[in-house]
Structure formats: C-alpha cells, structure tokens
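Whatever order the structure lists them in is the order used to number ligands and atoms, beginning at 1. In this text, all values refer to a predicted model and were calculated from it rather than measured experimentally.
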Amino acid sequence: MTTHQFSNTPFEAADVIRARKPGFTPRVALILGSGLGVLAEQMEDAVSISYADLPGFPISTVHGHAGELVLGTLAGVPVVCMKGRGHFYEGYGPAVMTSAVRTFKLIGCELLFVTNAAGSLRPEVDAGSVVVLTDHINLLPGSPMAGPNDDRFGPRFFSMANAYDADMRDLIKATAAEKNITVNEGVYLACPGPNFETAAEIRAFKALGADVVGMSVVPEVISARHCGLKVAAMSAITNLAEGLTPFPLSHEQTLKYAAVAAKDMVTLIHGFIERLGKT
Ligand code: R1P
C-alpha cells in the first residue's frame, strides 16, 4: 500500500515567517487584490518577505500584484498582508492559494480578510464602489480541496454555511455607518478567466443570483473554511460587467478604478480592524 505524501510547504513558510519576525502572532491575514496593495502602506513595524522566499506561495505574474507578504500591525492589531494573489488562470490550478492560507492558520490567524477587484452585475453599483460579499458561486473548474484530504488541516467534508461570516459583516457595516461610507452586499461569482466574461454569460450569471464577478476569491475562501479560518471579503467594483457598459473591459481599467475604490476600502478595513482589536 502506498501512503500519500502531503506537502509540508505551509509548515516551511510558517518557519520562514517566525524567523523573520520572532514572537509575531497575527490575528488577521489580508489578501489584497488587483491594485489594492496600498493598504499595506498603512502598516506599522512592517517587515516584507517576497513570495519567492515563502514555500508554497504563488509567484505573482499579474500587474498590480506585488508578490510580497507584509508582517506588521494595523490599528494596533498584528496582521499579515498578501500584496497580490495567485489566480487559477496563471496556471496554478484551483489549489493556487491553499498553501498560503494554511500558512496563515499555522502562524495563528483567526480571520482571512479577502479583497479583490470585480465587475458589477447591478447597474446601480458602479465603478469605484465597495461590495461586502455574503456568499459565492464557484464556476472554476475543480475544487482546491480535490485529491487526498490532508487531515492535519481539516476534514474531508465541510460546510460552507456562513462562509462569509455574518458577525464580521456586521462589524464591517457598523464601520461603514460610522465612517459614512456606502457599502452594498452581494454574491461573488468566480470565473476561470483570464478573458473577461461575455454578455451572454453575464445574463446567465444574473439569473443564477450573482451580483459581482471576478477571477479569484473562491479558492482562498474554500481553503480557509476547510482549515477553520473565519472569512470576511470585499470587492472593489472596477467596472460594470460586459453587456451593461459601453466601455471596453481591460486590466488597465481594473487598476484605475481599484485605486478609486481603494480609498473607501482602506478606511473601512482600517476601521474594521480597529473594532476587531477591541473584541
Ligand atoms: C482582471 O482585471 C483581474 O482583476 C481581478 C480579476 O480577478 C482578474 O485577476 O483580480 P483580483 O481578483 O486578484 O483582484
């Protein structure tokens, strides 16, 4: 009988992080999506590690994804911040973010806060706005948890109920009210990319119940729920989806409007972390 050899990259990356910042135990891991790396500039006592030095982390190939992990504090709370993520379409497959997420669990995080740039299926929620995610629809081929189950991290079968934690959403909404920022809530639909969606697909996704569409989020959220990390997630709306806008979609547009939405997003996340620090 052959026994499956599970990857130890999460443990190896955790050792690298502990060596670079001894005694550091983060509460929150943030993943910063396309053009949203600016939040990391607010961190104090920051130490950066290139993904190239972190076993199991995806080397970023997309503009606007720096490929650096930043360790430090935000509003006095210890956090780790991924400046950029890996995507399915870069060739990594659906488990692209699993090792990184498991590393965060190993170093002590309790919450994964996922940000991303996305298209809106609701004409009234236009470029520059922020959507708090309530759930997702996975249209990526395969699951990050397909294959032999690594019992060191979680069970074979697991629930996705309340995957986008309702208490965390309440905390975000309370922060938004305090800061006078309008946030919508919605369901994220993940496409494989790298092509943007067709107008017919967008009509179909609307019928399925999607509010925003993008090419990430889901692999990391499934990985986080498998290993028992809570999740909060937010989309920066960078465009109306195909068929709802006369403007041609491009990654340049993504980065331009991510910078617009990033202003509110940074305020919200900073305020949210501050509130979390008091709980
Ligand atoms: C398209 O412009 C890119 O921006 C989004 C899409 O998923 C796609 O990768 O990136 P993030 O989801 O990483 O923010």
Side-chain angles (χ1 to χ4, degrees), residues 29-40 51 57-69 81-98 100-101 112-121 125-133 136-141 144 164 186-198 201-202 205 210-224 231-242 244-245 247-266 268-269:
L30 284 139
I31 300 176
L32 304 181
S34 289
L36 298 168
V38 64
L39 180 72
Y51 293 174
F57 277 57
I59 302 301
S60 303
T61 65
V62 182
H63 188 43
H65 292 252
E68 265 180 5
L69 185 72
C81 215
M82 277 185 91
K83 286 178 79 178
R85 60 159 56 81
H87 304 84
F88 173 84
Y89 61 76
E90 292 173 87
Y92 293 111
V96 52
M97 294 291 285
T98 301
V101 169
L112 182 71
F113 199 122
V114 176
T115 71
N116 65 97
S120 168
L121 279 66
V125 182
D126 208 343
S129 46
V130 173
V131 173
V132 178
L133 302 184
H136 73 226
I137 298 170
N138 184 15
L139 292 190
L140 296 178
Y164 296 77
V187 172
Y188 182 96
L189 184 143
C191 281
N195 58 290
F196 291 106
E197 306 72 32
T198 68
E201 285 168 342
I202 293 299
F205 298 163
D211 298 294
V212 300
V213 65
M215 308 168 197
S216 64
V217 175
V218 167
E220 48 228 58
V221 173
I222 293 176
S223 303
V231 170
M234 228 183 232
S235 290
I237 300 303
T238 53
N239 54 275
L240 291 182
E242 192 60 64
L244 301 173
T245 172
F247 303 115
L249 304 187
S250 69
H251 190 56
E252 289 64 41
Q253 189 190 32
T254 299
L255 296 178
K256 182 176 167 191
Y257 283 98
V260 176
K263 291 193 185 83
D264 280 349
M265 206 178 242
V266 167
L268 276 173
I269 294 177

task: Decide yes or no for Phe196 and Glu242: does some side-chain heavy atom of the first lie under 4.5 Å from some side-chain heavy atom of the second?
output: no

statement: Note: ligand 1 atoms sitting under 4.0 Å from heavy atoms of His87 are 9 (O), 10 (O), 11 (P), 13 (O)

message: Can you confirm, on distance only, whether ligand 1 has an N/O atom lying under 3.5 Å from any N/O atom belonging to Gly214?
response: no

- request: Decide yes or no for Tyr92 and Pro219: does some side-chain heavy atom of the first lie under 4.5 Å from some side-chain heavy atom of the second?
  value: no

- prompt: What protein heavy atom sits nearest atom 1 (C) of ligand 1, and how far off is it?
  reply: His251 ND1, 3.5 Å

query: Hey, does Ser34 come in under 3.5 Å of ligand 1, counting only N/O atoms on both sides?
result: yes

task: Would you mind running through ligand 1 and noting each atom that sits below 4.0 Å from a heavy atom of Arg85?
output: 11 (P), 12 (O), 13 (O), 14 (O)

- request: Output the list of atoms in ligand 1 that are nearer than 4.0 Å to some heavy atom of Ser216, sorted by atom number.
  value: 7 (O), 11 (P), 12 (O), 13 (O)

message: Using only atom types and a distance under 3.5 Å, with no angle test, would you say the side chain of Ser235 pairs donor to acceptor with the backbone of Ala117?
response: no

- request: Would you mind checking which non-hydrogen protein atom is closest to atom 7 (O) of ligand 1, with the distance to 0.1 Å?
  value: Met215 N, 3.0 Å

task: Indicate yes or no: does an N/O atom of Gly33 lie under 3.5 Å from an N/O atom of ligand 1?
output: no

Counting only pairs under 3.5 Å, give me each side-chain donor-acceptor contact of residues 254-266, with atom names and distances, residues two or more places apart or in other chains.
residue: Thr254; atom: OG1; partner: Ser250; partner atom: O; Å: 3.3

query: Ile269 versus Thr115: any side-chain heavy-atom pair under 4.5 Å?
result: yes

statement: Per-atom filter on ligand 1: closer than 4.0 angstrom to a heavy atom of Thr254 are 1 (C), 2 (O), 4 (O)

- request: Evaluate the ring planes of Tyr164 and His136, with Trp represented by its six-membered ring, and classify them as parallel (under 30°), tilted (30 to 60°) or perpendicular (over 60°).
  value: perpendicular

message: Using heavy-atom distances only, which candidate in Phe196, Tyr89, Tyr188 approaches atom 9 (O) of ligand 1 most closely?
response: Tyr89

task: Using modelled atom types only, decide if a donor and an acceptor are shared between the side chain of Tyr51 and the backbone of Gly84 within a distance under 3.5 Å.
output: yes

message: Under a 4.0 angstrom heavy-atom cut-off, which atoms of ligand 1 come close to Asn116?
response: 12 (O), 14 (O)

- prompt: Listed by chain and number, what are the ring pair (Phe, Tyr, Trp, His ring centres under 6.0 Å) partners of Tyr89, not counting sequence neighbours?
  reply: His87

